[in-house]
Amino acid sequence: MKYRLAAKEELDTIWDYNISQNPEDKRWVYWKKEYIEYNLTKKALTFLALDNDMPVGEGTLILSPECKAVAGRLSLCDGKTIANVNALRIRKDYEGKGYISRLMKKIEAYADSRNIVALTIGVDAKETRNLAIYLHWGFTEFLFSEQEDGELVLYFLKKLRKD
């Protein structure tokens, strides 16, 4: 398994796959355009887990508060020292093997190299498995909760450096 930043062609591949997995939800088509644009303008960067050069997992590091996923909420992403981890996904047949944890370590190392001192992440309250994983990864500082698209989303922060 390899872990690295996504190339433009790979962004198309992962978003086309995501769209194919959610054919009834037209938001995925919009999100593809939005997230590819964020990557091209460096407002966000998507990292991949690749198996034989095929993307099987992804995670996006949002670097700009202008991105809609953080909607200007500076406690989630301030464009300087706080960034947001978003769109963290792995294909079902790759779950439970530690690949997404290793991808997360790659994202954290990149953020640290850019002098980002904290990462934030959101999780649907009903996604208790994901919540447990994020807490295990160190996202233990509760920030706030909010209703988004009819779901309760909990936001947490992880400091990358010890004070």
Side-chain angles (χ1 to χ4, degrees), residues 1-8 10-11 14-15 18 27-28 31-32 34-50 55-91 94-149 151-163:
M1 193 71 69
K2 294 180 192 172
Y3 304 90
R4 62 172 169 74
L5 278 170
K8 166 68 170 89
E10 292 165 329
L11 292 169
I14 61 172
W15 280 101
N18 290 331
R27 294 177 301 173
W28 287 88
W31 290 333
K32 174 185 177 180
E34 182 178 59
Y35 274 74
I36 289 175
E37 182 65 23
Y38 291 158
N39 274 266
L40 294 176
T41 59
K42 306 293 188 222
K43 290 180 181 177
L45 298 171
T46 298
F47 292 78
L48 298 177
L50 299 122
V56 297
E58 66 185 278
T60 297
L61 183 63
I62 295 181
L63 300 166
S64 171
E66 296 173 19
C67 295
K68 288 186 181 178
V70 294
R73 296 172 289 186
L74 298 181
S75 62
L76 296 180
C77 176
D78 66 2
K80 297 174 189 134
T81 61
I82 303 169
N84 178 263
V85 177
N86 198 275
L88 194 59
R89 296 184 270 275
I90 193 153
R91 292 188 185 192
Y94 287 84
E95 284 183 354
K97 299 176 182 169
Y99 300 132
I100 205 77
S101 293
R102 287 192 278 284
L103 179 63
M104 189 64 201
K105 287 187 186 317
K106 181 79 169 176
I107 292 169
E108 288 179 11
Y110 179 85
D112 186 55
S113 78
R114 297 250 335 233
N115 295 317
I116 293 168
V117 299
L119 294 177
T120 62
I121 199 163
V123 60
D124 285 354
K126 68 181 181 185
E127 298 288 343
T128 55
R129 180 173 179 246
N130 290 347
L131 176 57
I133 291 168
Y134 300 163
L135 291 169
H136 175 75
W137 287 344
F139 287 90
T140 54
E141 186 177 323
F142 177 73
L143 295 175
F144 61 90
S145 62
E146 213 168 67
Q147 285 286 327
E148 295 180 16
D149 295 326
E151 300 292 335
L152 180 64
V153 179
L154 311 174
Y155 287 95
F156 292 87
L157 178 134
K158 174 184 183 173
K159 291 182 181 170
L160 295 179
R161 300 176 185 168
K162 305 291 183 220
D163 293 343

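- The side-chain contact (heavy atoms from CB on, under 4.5 Å) search around Lys8 returns Asp12, Ile36, Leu40, not counting sequence neighbours.
- Every residue meeting the side-chain contact (heavy atoms from CB on, under 4.5 Å) condition with Glu34, not counting sequence neighbours, appears here in chain and number order: Tyr30, Trp31, Tyr38, Lys68.
- A salt bridge (charged side-chain N to carboxylate O under 4.0 Å, His left out) check over residues 114-123, counting only residues at least two apart or in different chains, returns nothing.
- Between Lys43 and Leu63 the shortest side-chain heavy-atom distance does not fall below 4.5 Å.
- Using a 4.0 Å cut-off between charged nitrogen and carboxylate oxygen, Lys2 and Glu10 do not count as a salt-bridge pair.
- Glu58 CD to Leu50 CG: the interatomic distance, rounded to the nearest 0.5 Å, is 11.0 Å.
- The backbone N or O of Trp28 lies less than 3.5 Å from no partner atom in the side chain of Asn18, so there is not a single donor-acceptor pair.
- Taken from CG in Leu119 to CG in Asn84, the straight-line distance is 8.5 Å, to the nearest 0.5 Å.
- Residues satisfying the side-chain contact (heavy atoms from CB on, under 4.5 Å) test with Ala69, not counting sequence neighbours, are Tyr35, Ile62, Asn86.
- The side-chain hydrogen bond (donor to acceptor under 3.5 Å, both in side chains) search around Arg91 returns none, not counting sequence neighbours.
- Expressed to the nearest 0.5 Å, how far CG of Leu61 lies from SG of Cys77 amounts to 8.0 Å.
- Residue pairs meeting the ring pair (Phe, Tyr, Trp, His ring centres under 6.0 Å) criterion with at least one partner in residues 56-79, sequence neighbours excluded, do not occur; the list is empty.
- Legend: residues meeting side-chain hydrogen bond (donor to acceptor under 3.5 Å, both in side chains) with Glu37, ordered by chain and number and at least two apart, are absent.
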Check residues 123-135 and write down every donor-acceptor pair under 3.5 Å in which the side-chain atom is one partner and the other belongs to a residue at least two apart or another chain.
unit_1: Lys126; atom_1: NZ; unit_2: Glu151; atom_2: OE1; d: 3.4
unit_1: Lys126; atom_1: NZ; unit_2: Glu151; atom_2: OE2; d: 3.3

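- Residues satisfying the side-chain contact (heavy atoms from CB on, under 4.5 Å) test with Ser75, not counting sequence neighbours, are Phe144.
- Contacts classified as salt bridge (charged side-chain N to carboxylate O under 4.0 Å, His left out) and involving residues 102-112 (residues at least two apart or in different chains) are given here: Glu108-Lys158, Asp112-Arg161.
- Looking only at side-chain heavy atoms (C-beta outward), Gln147 and Leu152 come within less than 4.5 Å of each other.
- Residue pairs that meet the ring pair (Phe, Tyr, Trp, His ring centres under 6.0 Å) test with at least one member in residues 105-130, sequence neighbours left out, are Phe47-Tyr110.
- When side chains are defined from C-beta on, Leu103 does not count as touching Met1, because their heavy atoms never get closer than 4.5 Å.
- Distance check, rounded to the nearest 0.5 Å: CG of Leu157 to OG1 of Thr140 gives 8.5 Å.
- The CD1 atom of Ile107 lies 11.0 Å from the CD1 atom of Ile116; values are rounded to the nearest 0.5 Å.
- Residue Leu11 comes nearest to Ala6 through the heavy atom pair CD2-CB, 3.7 Å, listed as atom of the first residue, atom of the second, then distance.
- Under the side-chain hydrogen bond (donor to acceptor under 3.5 Å, both in side chains) criterion, Thr41 pairs with no residue, sequence neighbours left out.
- The CG atom of Leu160 sits 10.5 Å away from the CD1 atom of Ile82 when rounded to the nearest 0.5 Å.
- Put simply, the side chain of Trp137 reaches to within 4.5 Å of the side chain of Ile100, judged on heavy atoms.
- You'll find the side chain of Thr120 stays beyond 4.5 Å of the side chain of Arg73, heavy atoms only.
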